[in-house]
Structure formats: structure tokens, C-alpha cells
There are 2 protein chains.
Amino acid sequence: MSRRASVYPASDPPSAGVARAASLADVAKLAGVSAGTVSRSLYRPQMISGATRERVQDAVDRLGYLANGAARALTMRRTMTVGAVVPRFGSSSFPALVQSLETRMSAQGYTLLLSAPDQRGPNAASVLRALLERGVDAVALLGVEQPASVLNLLHAHAVPYVLMWAPPNAEGRCIGFDEPRASRLLVEHLHGLGHRNVAYIGAPGADSERARRRFNDLTRAMAACGMRLCNDGFIEIDHGFGEGFTAMRAILPHRAQYSAVICSSDYLAAGALAALDQAGIAVPGELSVASFNDNEFAAFVHPPLTTVRLPIRELGEQAANYLLAYLRDEPLAPPTALPVHLQIRASTGPTRPGATA
Amino acid sequence: MSRRASVYPASDPPSAGVARAASLADVAKLAGVSAGTVSRSLYRPQMISGATRERVQDAVDRLGYLANGAARALTMRRTMTVGAVVPRFGSSSFPALVQSLETRMSAQGYTLLLSAPDQRGPNAASVLRALLERGVDAVALLGVEQPASVLNLLHAHAVPYVLMWAPPNAEGRCIGFDEPRASRLLVEHLHGLGHRNVAYIGAPGADSERARRRFNDLTRAMAACGMRLCNDGFIEIDHGFGEGFTAMRAILPHRAQYSAVICSSDYLAAGALAALDQAGIAVPGELSVASFNDNEFAAFVHPPLTTVRLPIRELGEQAANYLLAYLRDEPLAPPTALPVHLQIRASTGPTRPGATA
DNA sequence: TTGTATGCGTTATCAA
DNA sequence: TTGATAACGCATACAA
């Protein structure tokens, strides 16, 4: 474990504010009481008489006193801060996840320290280190594939943590979706429609354990009911609208080999549907499209799409609940995989009205 | 991924651990030097001899020492932390903004404390107060309409701050887009195509100063070239895919009154285009659609769309640069409105191929 | 109910 | 180059 990862530059002083912020002592002086009394008056009001409490409050208001979190953290050994590490944060459905996590935690007085490292790997540990040095009370990490260095840090410093969007493991501390079932639902749905050969557009497995697992789940589910993945209809591509479009166009020449397409996200699906639309291929008449769905939007625009909904917001809430329980030393409800649901949307109107004319 | 590396059994709650984290004193004792020497060795290595430096580093590694940020913040009067307040964070293009802000700041060693208050939650001032109590070195706030209480707090505590996506004002400290120009570009483009009566789908002005300004910019630009906004073609609706769809359907009955539609975001535009698609209305043959665009995605799927691109990522970077300059006591480059650009995308293929058959 | 004193872990000042 | 010591601002055990 080599260190030397100082996040603090050794140079510049803070912006030279001449007047220091009001401290407890300042308030105490103005109110004519002791510092301890001020502290108690603010955070243990029942210990203080009404009269002094008023004088204190008055002084607080006049000075615009704000507690110094660093000093408090130093004595309390607690910062009311939790870290979140969410790689590739800007894309896909992660914002919704962070949103729900933040909402829940802030309702309990916690603030989120957000890290969104661009690249995975060796720097994951130093990102976490930065969070730990800032004294986070707990950490929520996105993803399964935490390097050993990260887990070691977590354990060595005894920080409560939770792995979001990760399958259950021996350690517990994971909250995820019932992804195997999600795959089964999609596959069985397509099977029921008579499809036997399927194309797949998904995220690159090399980058993501999640993508690899999903691919495995799918092939397993297909094998179980005698279906197969079409070789020339398998595309790995990053998550995104344009990517789905591009991918669909790429596998279109091999269309004879499959009668349905599964996309690993609704963004990809929406792009794929757009490509099909432009190519004049009717969905689902000529080709079925099914998708894992986390933002509920592809399905909206292109109704004839079957999706499995992954409850993202619930994931964030569950993660928050888990951490909060930990922080309260309450017994931990063993985290389970969140249930997923099949959504089959009928068309709300002609997709390509011209075709019907 | 070796999980057994942990010293702690999975059942053992860390909070029960009596052992405190290693401190500077612990490291010092192990290395046989004083605490001050350890501190200097880590952060002012040039002041320390090579031999002691090694012994210190060794002790640090063996103890897994991590600096206590609270203690450091207390003496340094600096936390290397910046706050971000981004209401309605989960939606629209804000994630991209936060992403770029975080990327830039973290490159300089700062960590983002993110607050995403939903509109009706605790008032803006208390959200900010929470951030200030946690000792943020600076704050980035999204939006123009900061209540006086917020600005007072900011000034009273002399915290460097920047208002993102806000028009320049007397105070400076604002970074935004050249929105008036954006409106002019769109309007003039439509004017050039011969349109005179225009419908508008935008965010509710009651909720957002930004929405009000945009509406004003648009009407002004239209007035300047003899165009007008169609009364029955003006819809205020929240940002979103489905919302655009719904809005477009709502104004469709009044279609005789306008020949073009402006949408205030690409999500809305994409929804609107979908609605038009389903209604069998050719774009731009029968109706032109133009949009403010911050995610570059509506334009991708539905090529015949004219957008003005608002450089979101650049906004986040500029905000970061501004704060960083402040934190370094460097002269502040007066923030200017970021330039916007018109994007006219030609169709990449038949949108509704059936229509051409 | 209130005051006093101590310690939290670090950096900075001043000696050595 | 290193060590001792004094802040930093707050919470709390203990005394009054």
C-alpha cells in the first residue's frame, strides 16, 4: 500500500479573509455566558433555561454564527457526510440513482460527497482515500468490481459501505436488482412470441462486470429454453442513443439470422428503434425489440417495445436505508435483490403512419 | 477479487470497533520521531532527511495511516471541498453539468459536496447552511433566482461562489450562455424559412426564472422580425420526454395557427417529434421543429431538427475555473456568456420511409 | 442550570 | 533537520 497521495497542495494559503468567522466563544462573549452553555443551548436546548437560551439565540443571530464542522467533527468523530463513488456518472441512469440516494440521506441530515472518477482502476483507491480523509461516515459505491485495494481500505478503516447495483455476495453489503430474473423475463417473453434466434446489443463486457453478468444471464436463460444468440448479431457498444442507432445499423445486414433484438438499456433500444424506423422495418411486425429499461423513455416514444424495468430510484433508497441503519447501529435488514417487472407496452398509435397509408 | 483479505469477519460491525484510527502520533511513535516530523515528512518532504522520510513512510504504510481531514481543516482553515447546489438534479442536462464540474475540481484535489434539494424541500438557505457548516471552500449554485437569504449567507461568510446558468449581473460571479443570442438564432432561422407564426413548448415560467427569460428572449426576437407567438400554441410543461409528447398533442388541434414549433429542450423536442411522427405529420415538410438543445440527442434520432447547442460541459468547466481562480487568489477573468451555435441537421435518411414508398 | 477544563488530530512557530 | 508546544473550535465530563 504505497501512499503519498496527498490531496492537499502544500502551497497557497486560503483566501486571505481578515475577519475570522464567529466562533462559539464569540457568541458566548456577546451573550455573556460560557462557550459550553452556547453549545448546549444550541444542541441540547432542554438543558438550558429559557432566558439564557434566548440571549444565546440572539447573539447567534446577530453574529450569523455557523458551527465549524471541522471542529465538531474532531470532537464528535462524525461528519454527517457520506461519500458516493459513481464512475461514468454523467451517463445513463446513474444521475437518477444519485438523486434518490441524496434525497434520502439529506432527509436525515447527511450531505453527499460525490466522486465521479472517469476511469476505473488503480485510481479507484485514491478516490476513496480522498473521501475517507474528508471523514465520510459511510460510503456508497457503484458497481461490483471493486479492486481489492478499495475493499481493503474500507475494511481497514472500518467504514460502513454499500455496493450499489451489485449482486448479493458473501459479505452482504450489496444491493442490486434481480438481474437473472430480468434476463429470464425478457427471454421467455420473446420465446413465447415464437422467437428462437436473437441479436443482442449491450455494453462492453471488458469494461464492466455488470455487462458480463448480464450477457451470461441472457445466454443462460436462452439456453434453458432452446434459444440461441446469433453470432453476427452480437454487438458490444457503449451506452447511448447514437450508439444504439449505430449498432442496429451494423447488425442489420445479418437480419436473416435473427427475428428479435435485445438491448441492454433503453437508450440503446431507442437508438436501435430509430435505426429500424429509418430502415423501414416494422416493429414488432418484422422484428421484435426488447430491452432492459432504467429510464422509462424508449418505451414511451416507441411503444411496441417490451422492457424489464429496473427500479433505479428504489435502489438509491435502499442503499441509503442500509447505510442509515448502519450509522444508527440498528440491526441490518439483509439486503435483497430488488424485484424487476416485465412491461409490455402496446402501441399508442401508428409508429410509421405513412406505411399504413 | 480476493475478499478474504479482510481482517474483519463479515458479521463484525465496524462501528463496534474500539480501536481508533491511527493518528499522526501513532505513526510518530512507531517511526521513533515526533508528530511534527511525520506531518512535514508527508507534506513537506523536502524539509526532511531521506532516512527519516523512509522510516516515516514505512510506519505510515504499516498502520494504514490516513490523515484526519477534520483536524487538518481546523488548523488549515480549508477543507479542499466545494459545495454544489443543483435543484432538480436528476432531470435534464444537470447531470452533465455536475459531471464536468466535478471532473475539473477533482483534478485540483477538490471534492464535491452535492446538494440536490427538490423544490419544496427545506428552503435554499438551510441547504446552503449545511454546506457552509461542513466547511466548503467555495460553492457553485445552479440558477439565477437565489433568494436574498442565500446571497446574504454567501456574503456574510465571505465564501467564494459562482452562479451557474445565470445571466451576467452587476455582481459578476455568474456564468451562463448567451441565451438572447440563442433565441435570436432560432427565430431568425425559422424566419429565413418563411415561418411567421410559431408555437412554443417550454418549461413553466412560474417555477423558473430561466424559463421566463427564455420566453422573453424568444418573444423579443420574434417581434424584431415581425413574427409572432401563436396564442393557442403556447404550452408550459415540465422538462421531459413524455411531456414533450403530451404537449405536442395538446397543441396539435390548433395547427392551423402555426407553421413551426420551438421547444425549450431537446427532451421536449424529441417527445414532440414523436407525437408528430405518430400523427403522420412530416417534419419539416408540413411543420418545422426547432429546439434549444443541451444533450444532443433529439437531433440524433430525428435529424430534421434545428437546434441551438448550449455548451453544458463548458459551463461546468468555466464554473470550476472561476472558483479555482478565486481559491488561488488569482485575478478573476470576468466571466462572459458562453457562445452558442446553430446546428442544422439534414436528414440522414427517410424519417418515415413508408411515406416515400 | 451553568462554568471550567480537557482532548480531538493536525499544522505552525519557535528553539535546539 | 528535528522536537516541543501552542493554537484551531467544539463537545463533554466534571464541578459548582
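Note on naming: letters A, B, ... go to the chains in the order of the sequence lines (proteins, then strands), and numbering restarts at 1 for each one.
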Practice item. Measure the distance from CZ on B/R53 to C1' on D/dT2 and round it to the nearest whole Å. Key: 14 Å
Exercise for review: Could you please spell out the steps behind the side chain to side chain contact (heavy atoms under 4.5 Å, CB included) verdict for B/Q46 and B/R44?
Suggested key: CA-CA 5 Å; B/Q46 68 284 6; B/R44 303 263 205 281; 4.1 Å; yes
**Study point:** Of the listed nucleotides C/dT10, D/dT12, D/dA11, the one nearest the side chain of B/A71
**Key:** C/dT10
Practice item. In whole angstrom, give the distance that lies between atom CE of A/M80 and atom C1' of D/dA11. Key: 16 Å
**Study point:** Out of D/dA11, D/dG9, C/dT11, whichever nucleotide has its closest atom nearest the side chain of A/S23
**Key:** D/dG9
**Study point:** Exercise: identify the closest heavy-atom pair between B/A319 and B/L101
**Key:** CB-CD1, 4.1 Å
Exercise for review: Give a yes/no on whether any side-chain N or O of A/R78 is located under 4.0 angstrom from OP1 or OP2 of D/dA11.
Suggested key: no
**Study point:** Proximal nucleotide (of C/dT4, C/dT10, C/dA12) relative to the B/Y65 side chain
**Key:** C/dT10
Exercise for review: If the plane angle is over 60° it's perpendicular, under 30° parallel, otherwise tilted; pick one for B/W165 and B/F94.
Suggested key: perpendicular
**Study point:** First of A/A22 and B/G36 reached from the 5' end of DNA chain D, by closest nucleotide
**Key:** B/G36
Study note, to complete from the structure: Exactly one of B/L97, B/V98, B/I312, B/V85 clears side chain to side chain contact (heavy atoms under 4.5 Å, CB included) with B/M164, and that residue is B/L97
Point to revise | Selection from C/dT1, C/dT10, D/dG9 that lies nearest to any side-chain heavy atom of B/T75 | key: C/dT10
Check your understanding: Is the phosphate of D/dG9, meaning OP1 or OP2, less than 4.0 Å from a side-chain N or O of B/R77?
Key -> yes
Review point. Is any side-chain nitrogen or oxygen of A/R44 closer than 4.0 Å to OP1 or OP2 of D/dT12?
Key: yes
Review point. Can you tell me how far P of D/dC8 sits from CE of A/M76, to the nearest Å?
Key: 22 Å
Check your understanding: How long is the line joining CG of A/L42 and P of C/dT2, in whole Å?
Key -> 13 Å
Point to revise | Atom pair distance, as rounded to whole Å: CG in B/N68 and P in D/dC8 | key: 18 Å
Exercise for review: Respond yes when some side-chain nitrogen or oxygen of A/S34 is under 4.0 Å from OP1 or OP2 of C/dG3, and no when none is.
Suggested key: yes
Check your understanding: Looking only at side-chain N and O atoms, does A/T52 come under 4.0 Å of OP1 or OP2 in C/dT2?
Key -> yes
Exercise for review: May I ask you to decide if A/P45's main-chain N or O and A/R53's side chain share a donor-acceptor pair within less than 3.5 Å?
Suggested key: yes
Exercise for review: Report the nucleotide, chosen from C/dG3, D/dT2, C/dT11, that has the shortest atom-to-atom distance to any side-chain atom of A/V33.
Suggested key: C/dG3
**Study point:** Atom-to-atom span, CZ of A/R72 to C1' of C/dG7 - whole angstrom
**Key:** 17 Å
Practice item. Give the rounded distance in Å between these two atoms: CG of B/L24 and P of D/dA7. Key: 19 Å
Practice item. May I ask you to evaluate whether B/S49 reaches the phosphate of D/dT1, defined as a side-chain N or O under 4.0 Å from OP1 or OP2? Key: no
Practice item. Calculate, to the nearest 0.5 Å, the distance between atoms CZ and NE2 belonging to B/R129 and B/H157 respectively. Key: 8.0 Å
Study note, to complete from the structure: Atom CZ of B/R20 and atom C1' of C/dT10 are separated, to the nearest Å, by 14 Å
Revision key, fill the gap. Of the listed C/dT2, D/dC8, C/dT13, the closest approach to the B/L74 side chain comes from D/dC8
Point to revise | Proximal nucleotide (of D/dC10, C/dT1, C/dG3) relative to the A/R40 side chain | key: C/dG3
Point to revise | Selection from C/dT2, C/dG9, C/dT11 that lies nearest to any side-chain heavy atom of B/S39 | key: C/dT11
